[in-house]
Amino acid sequence: METGKIVIEKVRGKSTVTKSFSKYPLKFIIPRKVGPSRVDAVWIYALTYGGGIVSGDDISCKLEIGAGCTAVLTTQASTKVYKSLGSKCSEQSLEAEIGSNSMLVLIPDPVTCFSTARYFQKQVFRVRSDSNLVLVDWITSGRHESGEKWDFTHYKSTNNIFLESDQPLFLDTVLLEQGSIVPLAERMQDYQVIAMVVLLGPMLRHIQGQVQEDVKRMMAKQLQGSPARWDRQMKSNTRDFANKPSLIASCSAFGQKVHLIEAFSMFLSLNSQKRL
Amino acid sequence: MEIDMERNNNRKRPASTDLPLQWSQWQLLDSILPTGGFAHSSGLEAAIQTRVITGPEDLHTFVVHVLENTGSLLLPFVYTASKSPSADTLCKLDRMLDAMLTNEVGRKASVAQGSALMRVAASVFSEIPLLKTMRDNFLSSGAVSFHHAPIFGLVCGLLGFESETSQRAFMFITLRDVISAATRLNIVGPLGAAALQHQIAHDAEAITEKWSNRGVEEACQTVPLLDTVQGCHGYLFSRLFCS
(Lines give C-alpha, C1' and ligand atoms only; values in the text may rest on other atoms or scores of the structure.)
Protein backbone atom coordinates (compact mmCIF):
# COMPACT_ATOMS: atom_id res chain seq x y z
CA MET A 1 0.00 0.00 0.00
CA GLU A 2 1.44 3.33 -1.06
CA THR A 3 2.06 6.09 1.40
CA GLY A 4 1.47 8.70 -1.25
CA LYS A 5 0.41 9.22 -4.85
CA ILE A 6 0.21 12.22 -7.13
CA VAL A 7 -1.12 12.41 -10.67
CA ILE A 8 -0.50 15.47 -12.81
CA GLU A 9 -2.30 16.07 -16.07
CA LYS A 10 -2.86 18.93 -18.46
CA VAL A 11 -6.14 20.59 -17.60
CA ARG A 12 -7.16 23.62 -19.69
CA GLY A 13 -3.59 23.86 -20.94
CA LYS A 14 -1.96 23.92 -17.51
CA SER A 15 -0.15 21.25 -15.50
CA THR A 16 -2.61 20.36 -12.78
CA VAL A 17 -2.68 17.94 -9.88
CA THR A 18 -5.68 15.74 -10.57
CA LYS A 19 -5.03 13.29 -7.78
CA SER A 20 -3.20 13.73 -4.51
CA PHE A 21 -3.09 11.27 -1.65
CA SER A 22 -0.78 10.87 1.31
CA LYS A 23 -0.89 9.22 4.68
CA TYR A 24 1.28 9.26 7.79
CA PRO A 25 4.21 9.75 7.95
CA LEU A 26 4.17 11.44 4.53
CA LYS A 27 2.49 14.72 3.70
CA PHE A 28 2.33 16.72 0.48
CA ILE A 29 2.08 20.45 0.31
CA ILE A 30 1.19 21.81 -3.12
CA PRO A 31 1.30 25.60 -2.96
CA ARG A 32 -0.49 27.40 -5.76
CA LYS A 33 1.95 30.22 -6.33
CA VAL A 34 5.60 29.26 -6.31
CA GLY A 35 7.23 30.16 -9.56
CA PRO A 36 6.30 32.98 -11.96
CA SER A 37 2.79 32.54 -13.39
CA ARG A 38 4.02 32.45 -16.97
CA VAL A 39 5.92 29.24 -16.20
CA ASP A 40 3.70 26.18 -16.26
CA ALA A 41 4.90 23.99 -13.41
CA VAL A 42 3.42 22.27 -10.38
CA TRP A 43 5.50 22.49 -7.21
CA ILE A 44 5.17 19.69 -4.69
CA TYR A 45 6.77 19.71 -1.26
CA ALA A 46 7.12 16.32 0.40
CA LEU A 47 7.28 16.42 4.17
CA THR A 48 7.49 13.87 6.92
CA TYR A 49 5.77 14.37 10.24
CA GLY A 50 8.39 15.06 12.87
CA GLY A 51 10.76 16.46 10.28
CA GLY A 52 12.64 13.27 9.69
CA ILE A 53 12.55 9.59 9.00
CA VAL A 54 12.28 7.43 12.05
CA SER A 55 13.74 3.96 12.38
CA GLY A 56 11.45 1.45 10.71
CA ASP A 57 9.52 4.00 8.61
CA ASP A 58 8.60 2.77 5.16
CA ILE A 59 7.49 5.53 2.80
CA SER A 60 6.51 4.71 -0.77
CA CYS A 61 5.31 7.21 -3.28
CA LYS A 62 4.00 7.10 -6.84
CA LEU A 63 4.13 9.99 -9.26
CA GLU A 64 2.46 10.11 -12.66
CA ILE A 65 3.25 13.04 -14.89
CA GLY A 66 1.04 13.24 -17.93
CA ALA A 67 2.08 14.35 -21.38
CA GLY A 68 3.29 17.93 -21.72
CA CYS A 69 3.35 18.61 -17.97
CA THR A 70 6.05 19.93 -15.68
CA ALA A 71 6.36 19.02 -12.02
CA VAL A 72 8.88 19.91 -9.35
CA LEU A 73 9.22 17.67 -6.31
CA THR A 74 11.24 18.98 -3.42
CA THR A 75 11.45 19.02 0.37
CA GLN A 76 11.03 21.68 3.00
CA ALA A 77 14.30 20.90 4.73
CA SER A 78 17.01 18.25 4.70
CA THR A 79 15.81 14.72 5.21
CA LYS A 80 17.07 13.59 8.58
CA VAL A 81 17.30 9.91 9.16
CA TYR A 82 17.27 9.18 12.85
CA LYS A 83 19.24 6.46 14.58
CA SER A 84 18.27 2.88 13.98
CA LEU A 85 16.49 1.07 16.78
CA GLY A 86 17.01 -2.67 16.92
CA SER A 87 18.79 -2.72 13.55
CA LYS A 88 15.65 -1.62 11.74
CA CYS A 89 16.11 0.04 8.39
CA SER A 90 14.14 3.06 7.21
CA GLU A 91 13.03 3.01 3.59
CA GLN A 92 11.81 5.52 1.09
CA SER A 93 10.82 4.65 -2.43
CA LEU A 94 9.58 6.65 -5.37
CA GLU A 95 8.17 5.42 -8.66
CA ALA A 96 7.71 8.07 -11.28
CA GLU A 97 6.25 7.81 -14.76
CA ILE A 98 7.22 10.73 -16.92
CA GLY A 99 5.08 11.17 -19.98
CA SER A 100 5.91 12.38 -23.44
CA ASN A 101 7.30 15.92 -23.64
CA SER A 102 7.02 16.24 -19.85
CA MET A 103 9.51 17.24 -17.23
CA LEU A 104 10.11 16.09 -13.68
CA VAL A 105 12.49 18.10 -11.57
CA LEU A 106 13.42 16.24 -8.41
CA ILE A 107 15.45 18.59 -6.25
CA PRO A 108 15.22 17.61 -2.60
CA ASP A 109 17.41 18.92 0.20
CA PRO A 110 20.20 16.49 1.05
CA VAL A 111 19.77 13.43 3.23
CA THR A 112 21.54 13.51 6.58
CA CYS A 113 21.87 10.22 8.39
CA PHE A 114 22.44 10.43 12.11
CA SER A 115 24.87 8.19 13.90
CA THR A 116 23.90 4.48 13.64
CA ALA A 117 21.10 5.23 11.15
CA ARG A 118 20.13 2.65 8.52
CA TYR A 119 18.50 3.97 5.38
CA PHE A 120 17.52 2.66 1.97
CA GLN A 121 16.18 4.83 -0.80
CA LYS A 122 15.01 3.63 -4.18
CA GLN A 123 13.85 5.84 -7.03
CA VAL A 124 12.66 4.39 -10.32
CA PHE A 125 11.87 6.58 -13.30
CA ARG A 126 10.12 5.37 -16.42
CA VAL A 127 10.59 7.75 -19.29
CA ARG A 128 9.71 8.14 -22.95
CA SER A 129 12.25 9.13 -25.56
CA ASP A 130 11.20 12.78 -25.27
CA SER A 131 10.73 12.95 -21.51
CA ASN A 132 12.87 15.25 -19.40
CA LEU A 133 14.29 14.69 -15.96
CA VAL A 134 16.41 16.71 -13.57
CA LEU A 135 17.42 14.53 -10.68
CA VAL A 136 19.49 15.56 -7.68
CA ASP A 137 20.40 12.96 -5.10
CA TRP A 138 22.74 14.01 -2.35
CA ILE A 139 23.86 13.17 1.13
CA THR A 140 25.89 14.91 3.81
CA SER A 141 28.26 13.20 6.19
CA GLY A 142 25.99 13.67 9.18
CA ARG A 143 25.53 16.11 12.03
CA HIS A 144 28.80 17.92 11.72
CA GLU A 145 28.51 20.04 14.81
CA SER A 146 27.99 16.92 16.91
CA GLY A 147 31.12 15.46 15.36
CA GLU A 148 29.25 12.92 13.29
CA LYS A 149 31.13 12.38 10.05
CA TRP A 150 30.09 9.37 8.02
CA ASP A 151 28.98 7.82 11.30
CA PHE A 152 25.78 6.14 10.14
CA THR A 153 25.60 2.38 9.84
CA HIS A 154 24.03 1.85 6.43
CA TYR A 155 22.99 4.07 3.53
CA LYS A 156 21.91 2.74 0.19
CA SER A 157 20.51 4.81 -2.63
CA THR A 158 19.29 3.43 -5.94
CA ASN A 159 18.32 5.54 -8.93
CA ASN A 160 17.13 3.64 -11.97
CA ILE A 161 15.91 5.10 -15.23
CA PHE A 162 14.13 2.91 -17.77
CA LEU A 163 13.25 3.88 -21.30
CA GLU A 164 9.81 2.79 -22.53
CA SER A 165 9.26 0.69 -19.41
CA ASP A 166 11.93 -1.94 -19.69
CA GLN A 167 15.10 -0.72 -21.35
CA PRO A 168 17.70 0.15 -18.70
CA LEU A 169 19.15 3.57 -19.40
CA PHE A 170 20.76 4.49 -16.10
CA LEU A 171 21.20 2.18 -13.13
CA ASP A 172 23.03 3.57 -10.16
CA THR A 173 23.26 2.21 -6.65
CA VAL A 174 25.53 3.64 -4.01
CA LEU A 175 26.08 1.68 -0.82
CA LEU A 176 27.81 3.32 2.10
CA GLU A 177 28.17 0.92 4.96
CA GLN A 178 30.46 0.87 7.98
CA GLY A 179 33.04 -1.69 7.01
CA SER A 180 35.96 -3.38 8.60
CA ILE A 181 38.12 -3.87 5.52
CA VAL A 182 37.67 -0.39 4.12
CA PRO A 183 36.38 2.08 6.75
CA LEU A 184 33.65 4.38 5.46
CA ALA A 185 35.19 7.67 6.57
CA GLU A 186 38.43 6.69 4.83
CA ARG A 187 36.56 6.04 1.58
CA MET A 188 35.23 9.59 1.66
CA GLN A 189 38.67 11.18 2.16
CA ASP A 190 37.68 14.34 4.09
CA TYR A 191 34.81 15.11 1.74
CA GLN A 192 31.57 15.84 3.56
CA VAL A 193 28.97 15.87 0.83
CA ILE A 194 28.42 13.69 -2.16
CA ALA A 195 25.90 14.57 -4.84
CA MET A 196 24.71 13.23 -8.12
CA VAL A 197 22.86 15.26 -10.72
CA VAL A 198 21.20 13.73 -13.76
CA LEU A 199 20.06 15.88 -16.66
CA LEU A 200 18.05 13.98 -19.22
CA GLY A 201 15.94 15.00 -22.15
CA PRO A 202 15.76 17.27 -25.19
CA MET A 203 14.55 20.31 -23.22
CA LEU A 204 17.75 20.26 -21.19
CA ARG A 205 20.20 20.10 -24.03
CA HIS A 206 21.56 23.61 -23.62
CA ILE A 207 22.00 23.13 -19.88
CA GLN A 208 23.74 19.82 -20.44
CA GLY A 209 26.24 21.46 -22.72
CA GLN A 210 26.75 24.35 -20.31
CA VAL A 211 27.27 22.06 -17.32
CA GLN A 212 29.76 19.93 -19.19
CA GLU A 213 31.78 22.98 -20.17
CA ASP A 214 31.65 24.49 -16.70
CA VAL A 215 32.73 21.30 -14.94
CA LYS A 216 35.56 20.77 -17.40
CA ARG A 217 36.79 24.33 -16.97
CA MET A 218 36.55 24.22 -13.20
CA MET A 219 38.36 20.89 -12.87
CA ALA A 220 41.04 21.77 -15.39
CA LYS A 221 42.14 24.58 -13.08
CA GLN A 222 42.51 22.08 -10.25
CA LEU A 223 44.65 19.62 -12.09
CA GLN A 224 48.33 19.29 -11.47
CA GLY A 225 49.82 18.24 -14.75
CA SER A 226 52.36 15.44 -14.79
CA PRO A 227 53.29 14.57 -11.24
CA ALA A 228 56.76 15.32 -10.06
CA ARG A 229 58.35 13.12 -7.43
CA TRP A 230 56.49 13.58 -4.20
CA ASP A 231 59.36 14.94 -2.14
CA ARG A 232 60.11 17.68 -4.66
CA GLN A 233 56.41 18.33 -5.18
CA MET A 234 55.68 19.66 -1.72
CA LYS A 235 58.39 22.34 -1.98
CA SER A 236 57.75 23.61 -5.47
CA ASN A 237 53.96 23.84 -5.47
CA THR A 238 51.91 26.74 -4.28
CA ARG A 239 49.73 26.19 -1.24
CA ASP A 240 46.66 25.76 -3.43
CA PHE A 241 48.13 22.88 -5.28
CA ALA A 242 49.34 21.05 -2.21
CA ASN A 243 45.90 19.91 -1.11
CA LYS A 244 43.00 18.06 -2.60
CA PRO A 245 40.49 20.36 -4.27
CA SER A 246 37.59 21.33 -2.04
CA LEU A 247 35.26 20.30 -4.82
CA ILE A 248 35.74 17.42 -7.22
CA ALA A 249 33.28 16.99 -10.01
CA SER A 250 33.10 15.06 -13.21
CA CYS A 251 30.50 14.96 -15.88
CA SER A 252 29.67 12.06 -18.18
CA ALA A 253 27.23 11.46 -20.96
CA PHE A 254 25.19 8.27 -20.95
CA GLY A 255 22.53 6.67 -23.05
CA GLN A 256 22.66 5.80 -26.70
CA LYS A 257 22.81 8.83 -28.92
CA VAL A 258 20.56 7.10 -31.40
CA HIS A 259 17.63 7.61 -29.04
CA LEU A 260 18.49 11.30 -28.89
CA ILE A 261 18.76 11.08 -25.16
CA GLU A 262 21.56 13.26 -23.94
CA ALA A 263 22.03 12.76 -20.29
CA PHE A 264 24.69 13.68 -17.85
CA SER A 265 25.51 12.59 -14.37
CA MET A 266 27.77 14.71 -12.29
CA PHE A 267 29.38 13.64 -9.08
CA LEU A 268 30.26 16.30 -6.56
CA SER A 269 32.20 15.92 -3.41
CA LEU A 270 32.51 19.00 -1.25
CA ASN A 271 34.58 19.43 1.82
CA SER A 272 33.37 21.22 4.91
CA GLN A 273 34.77 24.61 3.92
CA LYS A 274 32.48 24.97 0.95
CA ARG A 275 29.09 26.43 1.78
CA LEU A 276 26.19 24.65 0.16
CA MET B 1 54.39 -54.97 -5.36
CA GLU B 2 52.60 -53.48 -8.40
CA ILE B 3 49.72 -52.31 -6.22
CA ASP B 4 52.14 -50.47 -3.93
CA MET B 5 53.79 -48.69 -6.87
CA GLU B 6 50.38 -47.58 -8.19
CA ARG B 7 49.46 -46.19 -4.77
CA ASN B 8 52.73 -44.26 -4.63
CA ASN B 9 52.18 -42.78 -8.07
CA ASN B 10 48.66 -41.69 -7.15
CA ARG B 11 49.88 -40.01 -3.99
CA LYS B 12 52.44 -37.97 -5.99
CA ARG B 13 49.77 -36.66 -8.42
CA PRO B 14 48.02 -33.44 -7.31
CA ALA B 15 44.37 -33.68 -6.30
CA SER B 16 43.16 -31.69 -9.32
CA THR B 17 42.68 -33.81 -12.41
CA ASP B 18 42.43 -30.76 -14.66
CA LEU B 19 46.09 -29.86 -14.99
CA PRO B 20 45.80 -28.44 -18.56
CA LEU B 21 43.20 -26.09 -17.10
CA GLN B 22 45.80 -24.61 -14.77
CA TRP B 23 47.95 -23.69 -17.76
CA SER B 24 44.99 -21.85 -19.28
CA GLN B 25 44.29 -20.16 -15.95
CA TRP B 26 47.84 -18.94 -15.58
CA GLN B 27 47.91 -17.74 -19.17
CA LEU B 28 44.69 -15.76 -18.62
CA LEU B 29 46.19 -14.04 -15.56
CA ASP B 30 49.57 -13.45 -17.09
CA SER B 31 50.16 -9.82 -17.97
CA ILE B 32 51.72 -10.91 -21.26
CA LEU B 33 48.29 -11.82 -22.66
CA PRO B 34 47.56 -8.99 -25.11
CA THR B 35 44.29 -7.69 -23.65
CA GLY B 36 45.34 -4.06 -23.42
CA GLY B 37 44.82 -3.84 -19.64
CA PHE B 38 47.92 -1.71 -19.42
CA ALA B 39 46.28 1.24 -21.13
CA HIS B 40 44.09 1.77 -18.09
CA SER B 41 44.99 3.02 -14.65
CA SER B 42 41.61 2.58 -12.91
CA GLY B 43 41.51 6.28 -12.16
CA LEU B 44 44.99 6.31 -10.60
CA GLU B 45 46.35 8.93 -12.97
CA ALA B 46 43.41 11.25 -12.25
CA ALA B 47 43.73 10.59 -8.51
CA ILE B 48 47.36 11.72 -8.61
CA GLN B 49 46.64 14.83 -10.62
CA THR B 50 43.81 15.83 -8.28
CA ARG B 51 46.06 15.17 -5.27
CA VAL B 52 43.73 12.56 -3.86
CA ILE B 53 46.96 10.56 -3.77
CA THR B 54 50.00 12.40 -2.47
CA GLY B 55 52.20 9.67 -1.07
CA PRO B 56 52.87 5.94 -0.86
CA GLU B 57 50.30 5.39 1.92
CA ASP B 58 47.64 7.07 -0.17
CA LEU B 59 48.54 4.67 -2.96
CA HIS B 60 48.01 1.66 -0.73
CA THR B 61 44.63 3.04 0.37
CA PHE B 62 43.66 3.89 -3.19
CA VAL B 63 44.38 0.39 -4.47
CA VAL B 64 42.33 -1.18 -1.69
CA HIS B 65 39.47 1.21 -2.52
CA VAL B 66 39.66 0.22 -6.19
CA LEU B 67 39.42 -3.43 -5.19
CA GLU B 68 36.46 -2.75 -2.89
CA ASN B 69 34.55 -0.89 -5.60
CA THR B 70 35.45 -3.54 -8.18
CA GLY B 71 34.19 -6.23 -5.84
CA SER B 72 30.89 -4.56 -5.09
CA LEU B 73 30.16 -3.42 -8.64
CA LEU B 74 31.71 -5.96 -10.98
CA LEU B 75 32.11 -9.31 -9.21
CA PRO B 76 28.37 -10.06 -9.50
CA PHE B 77 28.74 -9.76 -13.28
CA VAL B 78 31.76 -12.05 -13.36
CA TYR B 79 29.95 -14.54 -11.12
CA THR B 80 26.72 -14.62 -13.11
CA ALA B 81 28.50 -14.90 -16.47
CA SER B 82 30.77 -17.69 -15.25
CA LYS B 83 27.87 -19.69 -13.82
CA SER B 84 25.85 -19.32 -17.00
CA PRO B 85 28.24 -18.74 -19.92
CA SER B 86 25.65 -18.33 -22.66
CA ALA B 87 25.12 -15.67 -25.31
CA ASP B 88 21.72 -14.80 -23.88
CA THR B 89 23.04 -14.21 -20.36
CA LEU B 90 25.99 -12.27 -21.72
CA CYS B 91 23.71 -9.90 -23.65
CA LYS B 92 21.57 -9.18 -20.59
CA LEU B 93 24.59 -8.62 -18.33
CA ASP B 94 26.28 -6.43 -20.92
CA ARG B 95 23.24 -4.22 -21.30
CA MET B 96 22.79 -3.89 -17.56
CA LEU B 97 26.44 -3.08 -16.90
CA ASP B 98 26.37 -0.47 -19.66
CA ALA B 99 23.64 1.31 -17.73
CA MET B 100 25.50 0.90 -14.43
CA LEU B 101 28.84 2.26 -15.60
CA THR B 102 27.62 5.82 -15.53
CA ASN B 103 31.12 7.29 -15.54
CA GLU B 104 32.02 7.59 -19.20
CA VAL B 105 35.73 7.00 -18.68
CA GLY B 106 35.16 3.76 -16.80
CA ARG B 107 32.54 2.65 -19.29
CA LYS B 108 34.84 3.09 -22.28
CA ALA B 109 37.69 1.35 -20.46
CA SER B 110 35.45 -1.61 -19.72
CA VAL B 111 34.41 -1.89 -23.37
CA ALA B 112 37.98 -1.61 -24.62
CA GLN B 113 39.24 -4.32 -22.29
CA GLY B 114 36.27 -6.61 -22.85
CA SER B 115 36.56 -6.36 -26.64
CA ALA B 116 40.25 -7.14 -26.53
CA LEU B 117 39.74 -10.08 -24.19
CA MET B 118 37.00 -11.56 -26.37
CA ARG B 119 39.19 -11.24 -29.45
CA VAL B 120 42.17 -12.86 -27.75
CA ALA B 121 40.13 -15.64 -26.14
CA ALA B 122 38.39 -16.53 -29.41
CA SER B 123 41.77 -16.76 -31.09
CA VAL B 124 43.79 -18.46 -28.37
CA PHE B 125 41.34 -20.97 -26.89
CA SER B 126 40.47 -22.51 -30.22
CA GLU B 127 39.36 -25.74 -28.51
CA ILE B 128 36.21 -23.78 -27.63
CA PRO B 129 34.79 -22.75 -31.02
CA LEU B 130 31.78 -21.28 -29.23
CA LEU B 131 33.94 -18.31 -28.25
CA LYS B 132 34.57 -17.39 -31.86
CA THR B 133 30.96 -18.06 -32.87
CA MET B 134 29.64 -15.85 -30.08
CA ARG B 135 32.08 -13.10 -30.89
CA ASP B 136 31.13 -13.12 -34.58
CA ASN B 137 27.41 -13.07 -33.71
CA PHE B 138 27.82 -10.23 -31.23
CA LEU B 139 29.82 -8.20 -33.73
CA SER B 140 27.31 -8.62 -36.52
CA SER B 141 24.27 -7.92 -34.34
CA GLY B 142 25.85 -4.88 -32.70
CA ALA B 143 23.78 -5.57 -29.60
CA VAL B 144 26.72 -6.13 -27.28
CA SER B 145 29.20 -3.54 -26.04
CA PHE B 146 31.68 -6.20 -24.83
CA HIS B 147 31.99 -5.02 -21.25
CA HIS B 148 34.97 -6.53 -19.46
CA ALA B 149 33.50 -8.17 -16.35
CA PRO B 150 30.80 -10.25 -18.09
CA ILE B 151 33.19 -11.26 -20.89
CA PHE B 152 35.77 -12.29 -18.32
CA GLY B 153 33.19 -14.41 -16.54
CA LEU B 154 32.03 -15.88 -19.84
CA VAL B 155 35.54 -16.90 -20.88
CA CYS B 156 36.26 -18.42 -17.47
CA GLY B 157 32.96 -20.25 -17.50
CA LEU B 158 33.52 -21.69 -20.97
CA LEU B 159 37.05 -22.71 -20.05
CA GLY B 160 35.65 -24.65 -17.11
CA PHE B 161 36.98 -22.63 -14.18
CA GLU B 162 35.04 -22.73 -10.95
CA SER B 163 33.15 -19.53 -10.31
CA GLU B 164 35.11 -18.79 -7.10
CA THR B 165 38.34 -19.00 -9.08
CA SER B 166 36.92 -16.78 -11.83
CA GLN B 167 35.95 -14.08 -9.35
CA ARG B 168 39.29 -14.21 -7.55
CA ALA B 169 41.04 -14.08 -10.92
CA PHE B 170 39.15 -10.92 -11.88
CA MET B 171 40.18 -9.25 -8.64
CA PHE B 172 43.75 -10.39 -9.23
CA ILE B 173 43.98 -8.79 -12.66
CA THR B 174 42.43 -5.60 -11.31
CA LEU B 175 45.13 -5.46 -8.63
CA ARG B 176 47.80 -6.40 -11.14
CA ASP B 177 46.84 -3.63 -13.56
CA VAL B 178 46.58 -0.79 -11.05
CA ILE B 179 49.92 -1.74 -9.48
CA SER B 180 51.44 -1.82 -12.93
CA ALA B 181 49.99 1.61 -13.67
CA ALA B 182 51.56 2.93 -10.46
CA THR B 183 54.97 1.76 -11.64
CA ARG B 184 54.57 3.33 -15.04
CA LEU B 185 53.41 6.58 -13.46
CA ASN B 186 56.68 6.47 -11.56
CA ILE B 187 55.12 6.79 -8.12
CA VAL B 188 56.58 3.50 -6.99
CA GLY B 189 59.48 1.44 -8.26
CA PRO B 190 59.06 -2.11 -9.63
CA LEU B 191 60.30 -3.76 -6.43
CA GLY B 192 58.20 -1.50 -4.23
CA ALA B 193 55.21 -2.23 -6.44
CA ALA B 194 55.69 -5.96 -6.11
CA ALA B 195 55.96 -5.66 -2.33
CA LEU B 196 52.84 -3.49 -2.24
CA GLN B 197 50.92 -6.01 -4.33
CA HIS B 198 51.82 -8.74 -1.89
CA GLN B 199 50.88 -6.64 1.14
CA ILE B 200 47.49 -5.87 -0.38
CA ALA B 201 46.78 -9.52 -1.26
CA HIS B 202 45.41 -10.14 2.23
CA ASP B 203 42.83 -7.36 1.92
CA ALA B 204 42.15 -8.40 -1.67
CA GLU B 205 41.19 -11.88 -0.52
CA ALA B 206 38.91 -10.52 2.21
CA ILE B 207 37.23 -8.21 -0.30
CA THR B 208 36.85 -11.06 -2.80
CA GLU B 209 35.19 -13.25 -0.20
CA LYS B 210 32.87 -10.46 0.88
CA TRP B 211 31.55 -9.68 -2.61
CA SER B 212 31.65 -13.13 -4.22
CA ASN B 213 28.65 -15.15 -5.35
CA ARG B 214 26.11 -12.35 -5.54
CA GLY B 215 23.44 -11.65 -8.12
CA VAL B 216 23.71 -8.56 -10.30
CA GLU B 217 20.73 -6.96 -8.60
CA GLU B 218 23.11 -6.53 -5.65
CA ALA B 219 25.77 -4.74 -7.70
CA CYS B 220 26.56 -1.30 -6.29
CA GLN B 221 29.25 1.35 -5.90
CA THR B 222 30.84 1.42 -2.48
CA VAL B 223 33.53 4.02 -3.12
CA PRO B 224 31.70 6.74 -5.06
CA LEU B 225 34.65 9.15 -4.80
CA LEU B 226 36.62 6.85 -7.11
CA ASP B 227 33.91 7.14 -9.71
CA THR B 228 34.04 10.95 -9.60
CA VAL B 229 37.83 10.99 -9.73
CA GLN B 230 38.05 8.54 -12.60
CA GLY B 231 35.51 10.64 -14.45
CA CYS B 232 38.00 13.51 -14.34
CA HIS B 233 40.44 11.60 -16.50
CA GLY B 234 39.10 13.32 -19.58
CA TYR B 235 40.09 16.72 -18.13
CA LEU B 236 43.79 15.89 -17.76
CA PHE B 237 46.09 17.84 -20.07
CA SER B 238 48.84 15.32 -20.23
CA ARG B 239 48.03 11.69 -19.74
CA LEU B 240 49.79 8.40 -20.04
CA PHE B 241 46.72 6.24 -19.78
CA CYS B 242 43.33 6.02 -21.49
CA SER B 243 41.51 5.89 -18.18
Side-chain angles (χ1 to χ4, degrees), chain A residues 156-162 167-177 179-182 184 186-189 191 194 196 198 215-220 222-227 229-231 233-234 237 241-245 248-256 263-269, chain B residues 45-46 48-56 58 61-62 64-65 67-69 71-73 95-107 185-187 202-204 206-207 209-210 216-240:
Chain A
K156 184 174 182 181
S157 176
T158 293
N159 286 291
N160 292 340
I161 305 175
F162 294 95
Q167 197 185 319
L169 200 55
F170 180 93
L171 303 172
D172 185 76
T173 298
V174 170
L175 172 63
L176 301 177
E177 213 174 23
S180 48
I181 310 166
V182 187
L184 178 52
E186 185 194 85
R187 269 180 262 163
M188 304 316 262
Q189 297 271 303
Y191 290 101
I194 183 159
M196 180 181 77
V198 175
V215 171
K216 185 171 183 177
R217 200 179 315 122
M218 180 189 74
M219 285 312 296
Q222 300 279 359
L223 294 166
Q224 180 104 24
S226 22
R229 274 177 52 102
W230 278 321
D231 50 0
Q233 206 164 285
M234 293 313 283
N237 283 337
F241 259 5
N243 303 312
K244 290 197 278 281
I248 291 188
S250 64
C251 192
S252 293
F254 67 88
Q256 287 156 6
F264 298 87
S265 65
M266 183 167 74
F267 293 78
L268 296 156
S269 306
Chain B
E45 191 164 26
I48 293 168
Q49 291 202 29
T50 51
R51 276 100 51 223
V52 166
I53 297 181
T54 52
D58 291 343
T61 308
F62 178 84
V64 176
H65 288 180
L67 291 172
E68 173 83 3
N69 211 46
S72 64
L73 186 63
R95 206 175 352 155
M96 186 176 173
L97 187 55
D98 200 58
M100 290 204 84
L101 290 173
T102 53
N103 144 20
E104 203 170 12
V105 173
R107 192 167 68 237
L185 283 164
N186 212 21
I187 52 177
H202 180 260
D203 280 342
I207 292 170
E209 280 183 32
K210 180 176 173 190
V216 291
E217 63 286 347
E218 290 188 55
C220 58
Q221 302 246 20
T222 48
V223 193
L225 178 59
L226 274 188
D227 203 62
T228 307
V229 169
Q230 188 182 33
C232 292
H233 193 88
Y235 310 143
L236 309 184
F237 294 128
S238 64
R239 38 190 132 142
L240 201 57

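In what follows, chains are A, B, ... by sequence order, proteins preceding strands, each numbered from 1. Quick note: numbers below take in every heavy atom, side chains included, and nothing from hydrogens, waters or symmetry partners.
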| message | Taking side chain to side chain donor-acceptor pair (under 3.5 Å) as the definition, give me every residue that meets it alongside B/Glu217, ordered by chain and number, with sequence neighbours left out. | response | none

| query | Where do A/Ile248 and B/Cys232 come nearest, in terms of heavy atoms and distance? | reply | CG2-SG, 4.1 Å

| task | State, to 0.1 Å, how close A/Leu176 and B/Pro224 come at their nearest heavy-atom pair, and which atoms those are. | result | CD2-CD, 3.8 Å

| field | Straight-line distance of A/Ser252 OG to B/Leu101 CG, nearest 0.5 Å | value | 10.5 Å

| With chain A, which of B/Arg95, B/Lys210, B/Met96, B/Arg107 has the greatest number of heavy-atom pairs at distances under 4.5 Å? | B/Arg107

| request: Evaluate side-chain contact (heavy atoms from CB on, under 4.5 Å) for B/Asn103 paired with A/Ser250, printing each intermediate quantity in order. | output: CA-CA 8 Å; B/Asn103 144 20; A/Ser250 64; 6.0 Å; no

| Among B/Val52, B/Asp58, B/Val64, residue most engaged with chain A (heavy-atom pairs, under 4.5 Å) | B/Val52

| field | Options A/Met219, A/Glu177, A/Glu186, A/Lys156, ranked by heavy-atom pairs under 4.5 Å with chain B, top entry | value | A/Glu186

| Do B/Leu225 and A/Met188 have side chains that get closer than 4.5 Å, going by heavy atoms? | no

| note | To the nearest 0.5 Å, atom CG of A/Leu223 lies from atom NE2 of B/His233 at 10.5 Å

| Spacing of CD belonging to B/Glu218 relative to OG1 belonging to A/Thr173, to within rounding of 0.5 Å | 11.0 Å

| Can you say whether B/Arg239 sits under 4.5 Å from chain A via the side chain, the backbone, both, or neither, judging by heavy atoms? | neither

| query | How close do A/Pro245 and B/Arg51 get, heavy atom to heavy atom, and via which atoms? | reply | CD-NH2, 4.0 Å

| request: For each of B/Thr222, B/Leu240, B/Val229, tally heavy-atom pairs with chain A at distances under 4.5 Å, and name the one with the top tally. | output: B/Thr222

| query | When you measure from the side chain of A/Arg187 to the backbone N and O of B/Leu226, does any donor-acceptor pair fall under 3.5 Å? | reply | no

| said: Which heavy atom of A/Phe170 sits nearest to which heavy atom of B/Thr102, and what is that distance? | reply: CE1-CG2, 3.2 Å

